[in-house]
Amino acid sequence: MKRNHFLDNLAAGRPQLGLWNNLRGMAATEIAASAGFDWLLLDQEHSPRSLDELAISLSVIEGCGTSAVVRVGSHDPHEIGRVLDLGARTVLVPMVETAEQADRIAAACDFAPRGIRGVSAQTRGGSWGNDAGYLQEARGNICLILQIESLAGLQNASGIMAAGGVDAVFLGTADLAASMGHLGEPKHPEVQAAARHIVELAASLKMPLGTLTKNPADCSTALSSGYAFAAVGTDTAMLAATYRETLSHFISTEKGNRNE
């Protein structure tokens, strides 16, 4: 069975730099994966990517030697199971607010008697039945990340982190800011204070913590302040910013020419 290098790096305490992949299509995924990031997140919550496209994207990322992280769109055990069957080995689950939710999500990642995941090795995840040890070894090679991104999640963070089967947590500051009454202000002092609390709590519980930032400076700060893994931005935002900057340059140049 192929090793989950993302999980191995977490266990070894090696910081990991990533990128958020929202864009559909093999080319967009391959460009991002081949750039050299440690991990690339395939977003199934805010992206229209189909399961067929997800399977192709997983293959492309693996071929580039990068670790794939898949964010599912809900807590639905069926959705989580299908993503695992497709071969995802690291799964990020959004909006986790209680220890009970954490327990149910963890159960969706494991076969009976420990969990509730449907049993099948005739899947891409099980190498189409060619991996004789898959059913016994699958859970040990899965990295489950739970996303804390609301006031309720913040208040129940210690219980979420202590739930069995949780390998890492992820702080989503955009939704956290909104739930705290600061929509669009993830750098509001109250939100940043809450983020520091999560960093300290995760450190005390020896729980790897990740986050998404918007620029290299913020990402470097995150990785140096206790985060085990961080994304430097999203492909869509980076592409849009490049387009705006390019257009702005030519608009400024044209105005300068007219004034000469």
Side-chain angles (χ1 to χ4, degrees), residues 2-21 32-33 35-43 45 61-62 64-72 88-97 99 102 105-106 109 139-150 153-154 156-177 186-187 191-234:
K2 295 179 181 178
R3 286 300 308 163
N4 185 336
H5 296 300
F6 185 90
L7 184 61
D8 290 343
N9 286 334
L10 287 183
R14 288 189 286 267
Q16 300 183 82
L17 175 65
L19 180 72
W20 218 260
N21 178 209
F37 291 97
D38 298 306
W39 58 279
L40 183 65
L41 182 130
L42 298 167
D43 196 357
E45 182 183 14
I61 293 172
E62 291 167 5
C64 291
T66 299
S67 293
V69 179
V70 178
R71 179 164 73 171
V72 294
R89 292 191 287 275
T90 299
V91 177
L92 172 60
V93 182
M95 200 58 74
V96 181
E97 299 186 317
I105 293 166
C109 295
R139 182 60 186 92
N141 207 34
I142 292 171
C143 179
L144 173 60
I145 309 170
L146 302 185
Q147 189 163 352
I148 295 173
E149 52 181 338
S150 68
L154 178 68
N156 296 316
S158 58
I160 293 169
M161 293 185 196
V166 178
D167 299 293
V169 291
F170 189 95
L171 180 60
T173 55
D175 280 282
L176 178 60
K187 289 196 174 183
V191 180
Q192 290 300 299
R196 288 193 295 273
H197 167 70
I198 293 295
V199 171
E200 293 168 1
L201 179 62
S204 69
L205 296 175
K206 295 181 170 52
M207 174 62 66
L209 176 65
T211 194
L212 167 64
T213 64
K214 290 188 175 182
N215 56 66
D218 286 350
C219 192
S220 294
T221 298
L223 290 173
S224 64
S225 64
Y227 287 87
F229 58 105
V232 71
T234 65

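Side-chain atoms are counted along with the backbone in the values below, which use heavy atoms only and exclude waters and symmetry mates.
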Applying side-chain contact (heavy atoms from CB on, under 4.5 Å), can you list everything that pairs with Ala194, at least two apart in sequence or on another chain?
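By the side-chain contact (heavy atoms from CB on, under 4.5 Å) rule, Ala194 matches Leu154, Leu176, Met180.
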Identify, with sequence neighbours excluded, every residue that meets side-chain contact (heavy atoms from CB on, under 4.5 Å) alongside Ala230.
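Only Thr211, Cys219, Ala222, Leu223 meet the side-chain contact (heavy atoms from CB on, under 4.5 Å) criterion with Ala230.
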Any donor-acceptor pair under 3.5 Å linking the side chain of [X] with the backbone of [Y]?
X	Y	value
Asn9	Arg14	no
Gln147	Met95	no
Thr234	Asn21	no
Ser67	His5	no
Gln192	Pro186	yes

Where do [X] and [Y] come nearest, in terms of heavy atoms and distance?
X	Y	value
Ala106	Leu144	CA-CD2, 3.6 Å
Val96	Ala102	CG1-N, 4.2 Å
Leu10	Cys143	CD1-SG, 3.8 Å
Pro15	Gly13	CD-O, 3.4 Å
Leu19	Ala32	CD2-CB, 3.7 Å
Val69	Leu92	CG1-CB, 4.2 Å

Taking only residues at least two apart or on different chains, which pairs with a member in residues 204-232 satisfy ring-ring contact (aromatic ring centres under 6.0 Å, His included)?
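As it turns out, the ring-ring contact (aromatic ring centres under 6.0 Å, His included) pairs with a partner in residues 204-232, which skip direct neighbours, are Phe6-Phe229, Trp39-Phe229.
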All side chain to side chain donor-acceptor pair (under 3.5 Å) counterparts of [X], not counting sequence neighbours:
X	answer
Thr173	none
Asn156	none
Ser150	Glu97

Applying salt bridge (Lys or Arg N to Asp or Glu O under 4.0 Å), which residue pairs with at least one partner in residues 207-232 are found, sequence neighbours left out?
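Only Lys187-Asp218 qualify under salt bridge (Lys or Arg N to Asp or Glu O under 4.0 Å).
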Any salt bridge (Lys or Arg N to Asp or Glu O under 4.0 Å) involving residues 165-177? Give me the pairs, sequence neighbours left out, ordered by first then second residue.
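Residue pairs with at least one partner in residues 165-177: Arg139-Asp167.
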Under the salt bridge (Lys or Arg N to Asp or Glu O under 4.0 Å) test, which residues partner Asp43, sequence neighbours left out?
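Partners of Asp43 by the salt bridge (Lys or Arg N to Asp or Glu O under 4.0 Å) criterion, ordered by chain and then number, come out as Arg71.
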May I have the step-by-step check of side chain to side chain contact (heavy atoms under 4.5 Å, CB included) for Thr90 and Ile145, ending in yes or no?
CA-CA 7 Å; Thr90 299; Ile145 309 170; 3.7 Å; yes
Taking the side chain as every heavy atom from C-beta outward, state whether [X] and [Y] have any atom pair closer than 4.5 Å.
X	Y	result
Leu146	Met161	no
Val232	Leu17	yes
Val91	Cys109	no

Without placing hydrogens or testing angles, list every side-chain donor-acceptor pair under 3.5 Å for residues 196-209, not counting sequence neighbours.
residue : atom : partner : partner atom : Å
Ser204  : OG   : Leu201  : O            : 2.7

Nearest 0.5 angstrom please: Lys2 NZ to Arg89 CZ, how far?
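So the gap between those two atoms works out to 6.5 Å.
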